[in-house]
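Accompanying notes for the structure given below.
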Number of protein chains: 2
Amino acid sequence: MARQRNNSINIRSVAQLAGVSIATVSRVINSPESVSEELRERVKEAIEKLGYRPNQIARSLRTGSTKIVGFIIPDITNPAFLLMVKGAEDYLKRKGYMFMVCGTDHNIEEETKLLKTLLSQSVEGIIVTCSGGRNSSFAKVVQNSGVKMVFMDRRYEDIDLPYVGVDNTAGVEKITDFLVKTGHKSFVYLSGERNTSSAKERLRGFMKSMKKHGVEDYQVLYGRFTFESGYELTKKLKKIPDAVVGGNDLVALGAIEALNEMGYHVPDDVSVVGFDDMFYSKYSKPALTTVRQPIYEMGYTAGKVLWQLLSGKNVKKRVTILQTDIVVRETVKERETPDRGFTEKVEVVS
Amino acid sequence: MARQRNNSINIRSVAQLAGVSIATVSRVINSPESVSEELRERVKEAIEKLGYRPNQIARSLRTGSTKIVGFIIPDITNPAFLLMVKGAEDYLKRKGYMFMVCGTDHNIEEETKLLKTLLSQSVEGIIVTCSGGRNSSFAKVVQNSGVKMVFMDRRYEDIDLPYVGVDNTAGVEKITDFLVKTGHKSFVYLSGERNTSSAKERLRGFMKSMKKHGVEDYQVLYGRFTFESGYELTKKLKKIPDAVVGGNDLVALGAIEALNEMGYHVPDDVSVVGFDDMFYSKYSKPALTTVRQPIYEMGYTAGKVLWQLLSGKNVKKRVTILQTDIVVRETVKERETPDRGFTEKVEVVS
DNA sequence: TAGCCGGTTGCAAACGTTTTCAAGAACGTT
DNA sequence: AACGTTCTTGAAAACGTTTGCAACCGGCTA
């Protein structure tokens, strides 16, 4: 016996009302120029009258193209990640895509689970900002999925996929150089999650600067990319350095809070810098000196790269690295260098 | 001639490998207890071997249930909205749902467009935070859609749908009462987008407090819910009041920035309060006194209500209003009331 | 007039599932 | 031995589209 036919309006209702076949209705929708003026009008009228909207599910099943791209990011609540997402969306929505964005809560098991879920939803492409430093099960799923993917901001180095990121190393190196140049002699670096690619790259920039200038009075502390982490790490400091370099703005802001509570003034007693230039950093008191990342552009570019993949083009540039600027505000103060006046002089002469 | 069969693994490949019918494979997946031990094992093995994952699209088409709920929010980049979304997701994902979240950029035309798009994606439910104060085309689409919907945080009053929100009026009234009680005599209220339901409700709370205490020295200024708006409105002030009430935290923070630049000290010269208790407010300098909204809970509750709708239950409570707390930090200072000492005394006596 | 061609149209298959129905097997009861 | 019951299983229909193919209709050429 026939199952009860769903009473909602479908292509058949339209066809019936217009007195044509469903094929014609479909054509009116997808390639109107291929059907005669008269029928086209009749069908359009019927569509209007019934308020018919094609069922995307059926369409997807038939064509094999869902026009959906998924995002996997560590935290759906973090504005920085969402600004990237927005960048990618802004590019891709003009190509007719819809989006599913999923947060892993920094949990790599959840990450693979989400990947699987997205795959069975038949998304056409996925943009991923990794939640950890390595994720072997993730790699396995990716390999035999055949879906188009792009890494954004963070990547798993053992998975060969296009990557759009930011020159973390150069960014931190630049701002650390700036601190050295302005007379700071002792440093503390407050790292975020140590296994993420961005944390590693940023730390590398710091180390490069230290080495380059022959600075030995520095210390590296590991924590997370949060305000609280910056706060706690700083509180534990035995000796206060000339400058604190935060793994990101949140960490830097946490450090400032702690320093204030410990009775130090920023920037008079200590300089502090961050990384990100997040929304609030320019309004903090004192306003944070930091490294500006082109976050939105990064997402936009990732969207573009994914689209190239989706439209079958060969992506020549597998890796796109965007550059950073340093933005000088109020948390760095030029230090006197009384005890090194001599060295300074020599350098000038040589 | 037969179209080329899609070479990706489907239920048929599994059936073939296991030597059973596709019906059996489907049963192994959906109700394993209904198939014999032996076949079940064979099928599971085949699934594992091929890495088969059921095609959700096909499943949705057949069952008419996509297990997707959509969100429409004004700004995908605003952490407050996303915290609500997270709340709802946390509730609904345990019920097996996936999510599509869409931002309108505060544009009501985009809002109806997104609604239509979500509908043709056959989402089962939609949670909406309105972008404007009214949206007639939105209403029209909602009426004959049959999809389950819930308003979250903001609503269109002419559309009868379940609503989960916060007692904006009581919140602002409470904090304004607090200002009056601590001796403030003159007020400025900085409103956000004046047509949104939350802006209206908050303003009402302010007015109630003014009226209740017979205060006449107040002024209401309209702008937007942004830092910049608070800043600009404040800059235009001819006369500085005892207290500034911001339509939200951003506005309040903008006002503080402007006041500082104009040479006034917060809270010594002026008190400032906000609404939201957003992430950064406790770290601002001075830390903002504000109204805490249970944002996450609001989303969680909206998710719960939507689920009741989805599972066919009758929702008895069409409107759920969550209460706010006021959180006292550093931006309010008790004022002397030299010229009213007398009244004060009378009150105590009476 | 026969043949051909381009433009419109409809029929029916296919996309990958779920689910109804009926058939068969195994078993116990009379 | 006949029958009923319960449990497993497979065949086939259906979900709402898109699209290859064939049919038809005019008009044109030979």
Exercise. Would you please confirm or rule out a distance under 4.0 Å between OP1 or OP2 of C:dT18 and any side-chain N or O of B:Thr63?
Key: no
Exercise. Compare the minimum distances between each of D:dT17, D:dG10, C:dT18 and the side chain of B:Ile11, then state the nucleotide with the smallest one.
Key: C:dT18
Exercise. Could you tell me whether the side chain of B:Ile9 reaches within less than 4.5 Å of the side chain of B:Arg53, counting heavy atoms only?
Key: no
Quiz item: How long is the line joining CG of A:Leu119 and P of C:dG16, in whole Å?
Solution: 16 Å
Exercise. Choose from D:dT19, C:dT19, D:dT17 the nucleotide whose nearest atom is closest to any side-chain atom of A:Arg27.
Key: D:dT19
Quiz item: With respect to the phosphate group of D:dT9, does any side-chain polar atom (N or O) of B:Ser36 fall under 4.0 Å of OP1 or OP2?
Solution: yes
Practice problem: Between B:Ile29 and A:Gly19, name the one whose nearest nucleotide on DNA chain C is closer to the 5' end. | Solution: A:Gly19
Quiz item: Which residue, B:Val25, B:Ile11, B:Ile29, forms the side-chain contact (heavy atoms from CB on, under 4.5 Å) with B:Pro54?
Solution: B:Ile29
Quiz item: Checking all strands, does B:Leu39 fall into the base, sugar-phosphate, or nothing category for heavy-atom contacts under 4.0 angstrom?
Solution: sugar-phosphate
Quiz item: Side chains of A:Tyr296 and A:Asp90: do they bring a donor and an acceptor to under 3.5 Å?
Solution: yes
Self-check item: Proximity to the side chain of B:Ala23 - top-ranked nucleotide from C:dG16, C:dT17, D:dG10
Solution: D:dG10
Self-check item: Whole-Å distance separating the CD atom of A:Gln16 from the P atom of C:dG10
Solution: 14 Å
Quiz prompt | Shortest side-chain distance from B:Arg62, nucleotide among C:dG10, D:dT17, D:dA14 | solution = D:dA14
Quiz item: Given A:Arg27, which of A:Val43, A:Val35, A:Leu39 fulfils the side-chain contact (heavy atoms from CB on, under 4.5 Å) condition?
Solution: A:Val35
Exercise. Verify the contact: side-chain N or O of A:Asn10 to OP1 or OP2 of D:dT17, cut-off strictly under 4.0 Å; return yes or no.
Key: no
Quiz item: Looking at the side chain of A:Asn55, which of D:dT9, C:dT17, D:dG16 is the nearest nucleotide?
Solution: D:dG16
Quiz prompt | Closest to the A:Ser26 side chain, choosing from D:dT9, D:dT18, D:dG16 | solution = D:dT18
Practice problem: Consider the side chain of B:Leu61, meaning its heavy atoms from C-beta on, and name the nucleotide among D:dT17, D:dG16, C:dT8 that approaches it most closely. | Solution: D:dG16
Quiz item: Between D:dT17, C:dC11, C:dT17, which nucleotide gets closest to the side-chain atoms of A:Ser21?
Solution: C:dC11
Self-check item: Polar side chain donor-acceptor pair, A:Asn10 to A:Ser13, under 3.5 angstrom
Solution: yes
Exercise. Measure from CD1 on B:Ile22 to P on D:dA11 and round the result to the nearest Å.
Key: 9 Å
Quiz prompt | Distance, rounded to the nearest Å, where B:Glu38 contributes CD and D:dC7 contributes C1' | solution = 15 Å
Quiz item: CZ of B:Arg42 versus C1' of D:dG10: gap in Å, rounded?
Solution: 14 Å
Quiz prompt | Interatomic distance where OH belongs to A:Tyr52 and P belongs to D:dG16 [whole Å] | solution = 10 Å
Exercise. Take the protein atom CD1 of A:Ile57 and the nucleotide atom C1' of D:dT18, then report the distance between them rounded to whole Å.
Key: 15 Å
Self-check item: Separation of atom CG in A:Asn30 from atom C1' in D:dT18, rounded to whole Å
Solution: 7 Å
Quiz item: Within 45 degrees of the axis of the six-membered ring of B:Phe151 and under 6.0 Å from its centre: does B:Arg154 put its NZ or CZ there?
Solution: no
